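Notes for the one structure printed next.
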Amino acid sequence: MLRKSLFASLVTIALALTLAAADEKKMESKKSEGAKSAMLHPEMTPEGGWDKAMGTLGEKPAEPWSSTTVGAGVNGKPVPGKIVTVTGEIIDLSCYNQLGKHGEKHKSCGQKCLNSGQPIGLLTKDGAIYMLMDEEHDPRRDGQTELRKAAGDHFAHVMEVTGTETNVRGVHAIYVQGFVKK
């Protein structure tokens with residue numbers, strides 16, 4: 001009986017050591033994967049590099065949503081959002097998500113895409129992607145905003161973007177204030 005108990009204990013210890021080693025190996029594998037960039041084609045670099053933002057886009061709002069957005073919300077309630085400032089490269093989402101293109105070498109094509117109405121994006125150094133949109137609902141709907149022009153002017157630049165962040169079913173967006181035509 002003692003032998004059976006001792007054998008069972010040894011088997012349990014061996015199994016625990018094997019599982020611990022497997023877990024450690026899995027953790028090391030994840031660490032080495034994390035060292036790789038999550039960004040598509042990291043060799044395509046933004047104009048001026050990643051080290052310093054070339055400027056800012058957006059005004060820091062007092063509240064996450066403007067009055068026109070609140071007024072347009074279902075029962076006066078837009079989806080939850082939080083005010084953020086995120087630094088990244090201005091990209092066009094169509095070419096990035098389809099081809100992985102961004103950076104200075106893609107500037108001419110990307111500006112054409114933005115000017116043709118393709119979605120504006122922000123790509124962070126760690127590979128996170130945000131869709132950028134004008135925050136003010138009614139002026140945006142009525143074509144009275146100029147974020148698209150500013151994004152085109154700063155395409156492939158690293159910019160500090162301030163606005164209201166949402167995440168709806170995995171789609172990350174920053175709604176930027178301050179671009180209503182005057």
Side-chain angles (χ1 to χ4, degrees), residues 34-66 68-69 72 78-79 81-182:
K36 298 175 189 172
S37 176
M39 181 187 310
L40 299 175
H41 296 291
E43 72 276 11
M44 297 183 82
T45 57
E47 191 173 321
W50 286 103
D51 295 333
K52 185 178 176 198
M54 294 181 80
T56 61
L57 289 176
E59 298 172 354
K60 186 172 184 175
E63 297 293 326
W65 301 116
S66 65
T68 68
T69 300
V79 299
K82 66 178 180 177
I83 299 168
V84 297
T85 299
V86 179
T87 301
E89 176 189 350
I90 302 297
I91 63 170
D92 73 286
L93 288 174
S94 56
C95 286
Y96 186 79
N97 286 339
Q98 184 180 45
L99 306 167
K101 288 186 167 186
H102 65 99
E104 188 173 6
K105 290 180 181 178
H106 180 62
K107 187 172 185 171
S108 176
C109 175
Q111 286 174 319
K112 288 177 186 175
C113 285
L114 292 187
N115 290 335
S116 296
Q118 296 302 314
I120 306 164
L122 185 72
L123 173 65
T124 65
K125 189 175 183 177
D126 68 359
I129 302 169
Y130 297 86
M131 181 171 21
L132 299 182
M133 300 206 296
D134 292 285
E135 190 283 325
E136 297 87 348
H137 178 273
D138 294 356
R140 176 183 72 230
R141 173 198 66 199
D142 298 336
Q144 299 300 307
T145 58
E146 299 181 313
L147 175 61
R148 181 168 299 284
K149 180 184 178 327
D153 291 346
H154 293 291
F155 190 87
H157 294 170
V158 172
M159 301 294 286
E160 189 175 89
V161 178
T162 299
T164 301
E165 177 186 10
T166 64
N167 179 358
V168 177
R169 296 188 179 198
V171 177
H172 295 268
I174 299 175
Y175 288 82
V176 183
Q177 289 189 21
F179 291 95
V180 175
K181 294 178 185 175
K182 296 180 179 163

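Quantities reported herein were computed from a predicted structural model and do not represent experimental measurements. Sequential numbering from 1 along the given sequence is applied to the chain's residues. Hydrogens, waters and symmetry mates play no part in the numbers below; they use all other heavy atoms, side chains included.
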- Query: What distance separates Tyr96 OH from Met39 CE, expressed to the nearest 0.5 Å?
  - Reply: 6.0 Å

- Please report the closest heavy-atom contact between Cys109 and Cys95, naming both atoms and the distance. SG-SG, 4.0 Å

- Can you measure from CD (Glu146) to CG (Asp134) and round to the nearest 0.5 angstrom? 9.0 Å

- Query: Looking at Pro119 and Leu114, what are the two nearest heavy atoms and their distance?
  - Reply: O-CD2, 3.8 Å

- Task: Verify the neighbour count for atom NZ of Lys105: are there more than 12 heavy atoms of other residues, nucleotides or ligands below 6.0 Å?
- Result: no

- Item | Minimal non-hydrogen separation, Pro46 against Val158, with atom names | CG-CG2, 3.6 Å

- Message: Looking at Lys82, is its backbone amide N or carbonyl O close enough to the side chain of Glu165 to form a donor-acceptor pair, meaning the two atoms are under 3.5 Å apart?
- Response: no

- Message: Within the 4.5 Å heavy-atom criterion, are Ile90 and Leu132 side-chain neighbours or not?
- Response: yes

- Under 3.5 Å, is there a donor-acceptor pair between the side chain of Trp50 and the main chain of Glu89? no

- Message: With a 4.5 Å cut-off on side-chain heavy atoms, are Asn97 and Ile129 touching?
- Response: yes

- So, the side chain of Arg140 versus the backbone of Thr145: is there a donor-acceptor pair under 3.5 Å, distance only? no

- Query: At what distance, to the nearest 0.5 angstrom, does NZ of Lys101 lie from NE2 of His41?
  - Reply: 9.0 Å

- Under 3.5 Å, side chain of Arg148 to main-chain N/O of Ser116, donor-acceptor pair present? no

- Who are the side-chain hydrogen bond (donor to acceptor under 3.5 Å, both in side chains) partners of Gln177, not counting sequence neighbours? Glu135

- Item | Side chains of Lys107 and His157 in contact at under 4.5 Å (non-hydrogen atoms) | yes

- How about Thr162 and Thr56: do any of their side-chain heavy atoms sit closer than 4.5 Å? no

- Task: Give a yes or no on whether the backbone of Gly81 and the side-chain of Thr166 come within a donor-acceptor separation of less than 3.5 Å.
- Result: no

- How many angstroms lie between atom CD of Glu160 and atom CG of Leu57, to the nearest 0.5 angstrom? 10.0 Å

- Query: Would you say Thr85 and Lys60 make side-chain contact, with heavy atoms under 4.5 Å?
  - Reply: no

- Note on the structure: Separation between CD1 (Ile120) and SG (Cys113), nearest 0.5 Å, reads 12.0 Å

- Query: Can you check whether Arg141 reaches Asp138 side chain to side chain, under 4.5 Å on heavy atoms?
  - Reply: yes

- How close do His172 and Asn167 get, heavy atom to heavy atom, and via which atoms? CE1-ND2, 3.0 Å

- Message: Using the side-chain hydrogen bond (donor to acceptor under 3.5 Å, both in side chains) definition, which of the options Lys112, His106, Gln118 pairs with Asp92?
- Response: His106

- Just how far is it from atom CG of Leu122 to atom CE of Met159, taken to the nearest 0.5 Å? 10.0 Å

- Message: Taking atom NZ as the centre, does Lys52 end up with more than 12 heavy-atom neighbours from other residues, nucleotides or ligands that are less than 6.0 angstrom away?
- Response: no

- Message: Looking at every heavy atom in both Gly58 and Phe179, which two are closest together, and how far apart are they?
- Response: N-CE1, 3.7 Å

